[in-house]
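Counting starts at 1 for both ligands and their atoms, following the listed order. Owing to the predicted nature of the structure, the values given are computational and were not obtained by experimental measurement. Only heavy atoms go into these numbers, but all of them, side chains included; no hydrogens, no water, no symmetry mates.
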Amino acid sequence: MPPSPTLPDFDLVIFGGTGDLAKRKLLPALLQRFLAGQVGPGSRVIGAARDTLGAANYRQKVAESVAGPASDVPGDRLAEFLEIVDYVAVDVASDSGWADLKARLDARPDRVRIFYLAIGPGLFAPACERLHQYGLDGPLSRVVVEKPIGHDLASARQTNATLAAVFSEAQTFRIDHYLGKETVQNLIALRFGNALFEPLWNAARIDHVQITVAEELGLAGRAGYYDTAGALRDMVQNHMLQLLCFVAMEPPYSMDADVVRDEKLKVLRALRPIRGDDVRHYTVRGQYRRGVASSGAVPGYTDELGAEQSRTETFVAIRAEVANWRWAGVPFYLRTGKRLPQRVSEIVVSFQPVRHSLFGAAAGPLTPNKLIIRLQPDEGVRLGLMIKEPGPGGLRLRRTSLDMSFANAFAGQRQPDAYERLLMDVVRGNPTLFMRRDEVEAAWAWIDPILSAWAQDSEPPRPYTAGTWGPSAAIALVERDGRTWHEELEDLP
Ligand code: BG6
């Protein structure tokens, strides 16, 4: 990979600096960018949390948390990274520690300051108020927030208003970590950096699109949050709709952040509403029961939760439609769930069948072309094609694939984690891969009627056995249209 230029020195304050996100994602990502030379030794990463830790203890914790992902980091380089790490005990809900934080930041008033709110959304308001009260919201300041941005449209509007009361939209970075994944950005490259696909990218040539984000994991220690969210809020409102936007959007006239986001917004607004009785018809929600994962027997959702019962969905399938000129009539099938057979995220674009077959029955069936964009694992792009089976005799056709695995194409290059790019984009002030306020609200506007229909539905989510592809109704959702979910092994050799 070409070396990344070192960015001007910046200060990054992580509220929730001792929390899970900081440990698992933010600090390892910053370490990697430091090792790559993009974060210089003059920058500062300041953990901020309520614990009365000294900086030395915090550095020790940071060293422990980055040791896993970066165990091949030479000790002296890790020590250099730890020198840019500092800690301030701050309580976002009171005045405690704020004067200290301000004093440290004000020692370098000339640099970009980033406030990463890796804290519960209930604390966004007090954090923003104090950032304002202590004069830390100047033009060089930026605020970063993660989902959940609200749990419905009204609460999302409230959260956005809280942020907007202190920071301008240009200063506000709403992370959707899926947008930092290489393959998601590759969708833009694939669609708009090649002449091949765009003429075919419409309802006349595309039969349907499938977007699957499957996870093998269950609750993974996040029961408290997950049971109040569910798969629709946790995965569909943000990650999956963002993926859909990149597939469906019109070509933006430039890569300027707002130009790209304007096009995504149009897609969200063009989604055909699913409400009332249609919700039963076009959506399926499920909840896993005990079953078998690759690791062995696994408990059901409520057992994992430690509750008698729950109506939270751990699986969703939706037949969505983008009601505009390009896409009218093309179903976008979305499905996501926990405790599915494997961890796989992919977008499958199925083209229309050939108009007329020249080949007799002996040639075998003609399978329509498919473009498969694999986000994880084994990132890459495959194009399913029909070819002639080698050998003399009759003309028999066979499915095969043109395969581009990124691991092979870019052998030896490490694939950066999504947070590495996104954090550096915040430093650079480039919001292209972040969700704008109106995008978040448009996504909720589409999700809300589904949530309310489910809330009124007397039936609980449909059970599915852990280790399977969800309730049978999810299969029926696609099959009643005469289509099937893409299955890697069956469909392409
Ligand atoms: C998060 C969800 O946003 O994305 C999790 O809250 C989910 O429930 C995770 O497990 C999946 O991310 P990735 O990058 O592992 O596909």
With side chain to side chain donor-acceptor pair (under 3.5 Å) as the test, would you mind laying out the steps for Asn160 and Glu441 before giving the verdict?
CA-CA 9 Å; Asn160 281 332; Glu441 294 177 9; 2.9 Å; yes
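In this structure, the protein non-hydrogen atom closest to atom 16 (O) of ligand 1 is Tyr178 OH, 2.4 Å. The shortest contact between atom 15 (O) of ligand 1 and any protein heavy atom is with Arg343 NH2, 3.2 Å. In terms of protein heavy atoms, atom 4 (O) of ligand 1 is closest to His177 CE1, 3.4 Å.
Atom CZ of Arg275 is surrounded by 12 or fewer heavy atoms from other residues, nucleotides or ligands within 6.0 Å.
Ion pairing of Arg233 with Asp152 is absent here, as no side-chain N (NZ or NE/NH1/NH2) approaches a carboxylate O to less than 4.0 Å. Using a 4.0 Å cut-off between charged side-chain N and carboxylate O, Asp481 and Arg319 make a salt bridge. A salt bridge is defined here as a Lys NZ or Arg NE, NH1 or NH2 lying under 4.0 Å from an Asp or Glu carboxylate O, and Glu146 with Lys25 fails to meet this definition. The pair Arg285-Glu459 does not meet the salt-bridge criterion, since no charged nitrogen lies less than 4.0 angstrom from a carboxylate oxygen. Using a 4.0 Å cut-off between a side-chain N of Lys or Arg and a carboxylate O of Asp or Glu, Arg44 and Asp11 qualify as a salt bridge.
In the candidate list Glu215, Arg222, Gln376, Arg222 is nearest to atom 5 (C) of ligand 1, counting heavy atoms.
At a 3.5 angstrom cut-off on N or O pairs, Tyr226 does not count as close to ligand 1. When only interatomic distances are considered, the shortest N/O to N/O separation between Asp234 and ligand 1 falls below 3.5 Å. Taking any N or O of Lys181, backbone or side chain, at least one lies under 3.5 Å from an N or O belonging to ligand 1.
Short contacts between ligand 1 and Lys147, defined as distances under 4.0 Å to a heavy atom of the residue, involve ligand atoms 1 (C), 2 (C), 3 (O), 6 (O). Taking every heavy atom of Lys338 and a limit of under 4.0 angstrom, the matching atoms of ligand 1 come to 5 (C), 7 (C), 8 (O), 10 (O).
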